[in-house]
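Chain A is the first sequence line, chain B the second, and so forth, proteins listed ahead of strands; every chain is numbered from 1. Values below: all heavy atoms of this structure, side chains included; hydrogens, waters and symmetry mates excluded. None of the values given here were measured: they were computed from a predicted structure.
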There are 2 protein chains.
Amino acid sequence: MSTFAAISDPTRREILALLRSGEQAAGDLVEALKRPQPNVSKHLKYLRDAGLVQMRIDGPRRLYRLDAAPLAEIDQWLASYRAFWSDKLDALGDHLGRSD
Amino acid sequence: MSTFAAISDPTRREILALLRSGEQAAGDLVEALKRPQPNVSKHLKYLRDAGLVQMRIDGPRRLYRLDAAPLAEIDQWLASYRAFWSDKLDALGDHLGRSD
DNA sequence: GCATAATATGCCTTGACAGGAATATGCCGG
DNA sequence: CCGGCATATTCCTGTCAAGGCATATTATGC
């Protein structure tokens, strides 16, 4: 799954957002997301495959941490479009505001 | 379709890239993409729904132009992660380089 | 070695999207 | 009003991902 596809899912974006505050065990993420454990585990696998998170084993637990390096690809892609909206933002207003 | 989902498809990113050079008729895009016309037309519909392109009618033709405003949402989302890779880039090297 | 906790994997169903082919719509010139 | 061009829409099929459930794996404590 490409980086673009990986971040196109809201649940995965939520996981990434949670990991901004530091390394967390899979179980903590399950609890925070209030979602079935297998579901979270599967999303973590996608994120692992996309290189967006890294995992290390701590006893019985798996600790996940954010690896934002692949996001540089998105950033670079976005860069070539920045000129097309930065000068219009004031006119268009911001239909924004998300943190997941 | 969300902005994230809209840009997750390579064909649609290619269309957006083509529109950076200015307004173009649907037919021109079909020719540039070397792809069946209905296919392109469908992707244009997704892009329209996502607000990433705008269309105006010119006689029998449809002229499409880029509207990058929704990309500001991606940019804002990305902003909260920039701190996580900008300080590591030199160590990781760039596995990048795309223009579609 | 066994029970148990933490996590991953497998299977199933459903829905969404991609690609292709055929067809419909809209606009124009004659 | 008819034929032709430009574009959209529809139908079909294959694939893939999401969500839910059951089950397998792995490590720990006893």
Note to self: Looking at D:dA17, I'd like to know if its phosphate oxygens (OP1 or OP2) sit under 4.0 Å from a side-chain N or O belonging to A:R12.
What the structure shows: no
Note to self: If I compare all heavy atoms of B:Q37 with all of B:V30, which pair ends up nearest, and what's the gap?
What the structure shows: CA-CG2, 3.9 Å
Check: In whole angstroms, how far is the P atom of D:dT10 from the NZ atom of B:K45?
Finding: 8 Å
Note to self: By nearest atom, which of the nucleotides D:dT9, D:dT7, C:dT7 is closest to the B:A25 side chain?
What the structure shows: D:dT7
Notebook entry, point to check: Roughly, in whole Å, what's the span from CE in B:M1 to C1' in C:dG15?
Noted result: 13 Å
Margin query: Tell me whether the rings of A:W77 and A:Y81 are parallel (<30°), tilted (30 to 60°) or perpendicular (>60°).
Written below: tilted
Notebook entry, point to check: Nearest of C:dT7, C:dA6, C:dG10 to any side-chain atom of A:P60?
Noted result: C:dA6
Check: Is there a side-chain contact between B:R35 and B:V40, using heavy atoms and a 4.5 Å cut-off?
Finding: yes
Notebook entry, point to check: Could you give the CG-to-C1' distance, from B:N39 to C:dA22, as a whole number of Å?
Noted result: 15 Å
Check: Are B:L33 and B:Y64 co-members of a hydrophobic cluster defined by side-chain heavy atoms under 4.5 Å apart?
Finding: yes
Notebook entry, point to check: Quick one: the side chain of B:Q37 and the base of D:dA6, do they pair up donor-acceptor inside 3.5 Å?
Noted result: no
Notebook entry, point to check: In whole Å, what is the span from the CD atom of B:Q24 to the C1' atom of D:dA6?
Noted result: 16 Å
Notebook entry, point to check: Out of C:dA18, C:dG20, D:dT7, which has the shortest distance to the side chain of B:P36?
Noted result: C:dG20
Check: Linking I/L/V/M/F/W/Y whenever any side-chain heavy atoms sit under 4.5 Å apart, do B:L44 and B:M1 land together?
Finding: no
Check: When you check the phosphate oxygens OP1 and OP2 of C:dG19, does a side-chain N or O of B:R35 lie under 4.0 Å from one of them?
Finding: yes
Notebook entry, point to check: When we call it a touch if two heavy atoms are under 4.0 Å apart, what does B:A5 touch: a base, just sugar-phosphate, or nothing?
Noted result: nothing
Margin query: Heavy atoms from C-beta onward define the side chain here; which of D:dA18, C:dC17, D:dT7 lies closest to that of A:D9?
Written below: D:dA18
Next item on the list: Round to the nearest Å and state the distance from B:E31 atom CD to D:dC5 atom P.
Entry: 15 Å
Next item on the list: Round to a whole Å and report the spacing from CZ of B:F4 to P of D:dA17.
Entry: 18 Å
Checklist line | Phosphate-side-chain proximity, B:Y64 and D:dA8, N/O vs OP1/OP2 below 4.0 Å | finding: yes
Margin query: Whole angstroms only, please: what is the CG-P distance between B:L29 and D:dA6?
Written below: 14 Å
Next item on the list: Let me know, please, whether B:A26 or A:R62 comes out on the 5' side of the other along DNA chain D by nearest nucleotide.
Entry: B:A26
Note to self: Distance check needed: D:dC21 C1' versus A:K42 NZ, whole Å only.
What the structure shows: 10 Å
Note to self: If you only use heavy atoms from C-beta on, which nucleotide in D:dG19, C:dT9, C:dA21 is closest to the side chain of A:P38?
What the structure shows: C:dT9
Note to self: Tell me if the CZ atom of B:R48 is crowded by more than 12 foreign heavy atoms within 6.0 Å.
What the structure shows: yes
Notebook entry, point to check: For A:H43 and D:dA17, is the shortest distance between a side-chain N/O and OP1 or OP2 below 4.0 Å?
Noted result: no
Notebook entry, point to check: Where the side chain of B:R48 is concerned, which of C:dT7, D:dG19, D:dT9 is the nearest nucleotide?
Noted result: D:dT9
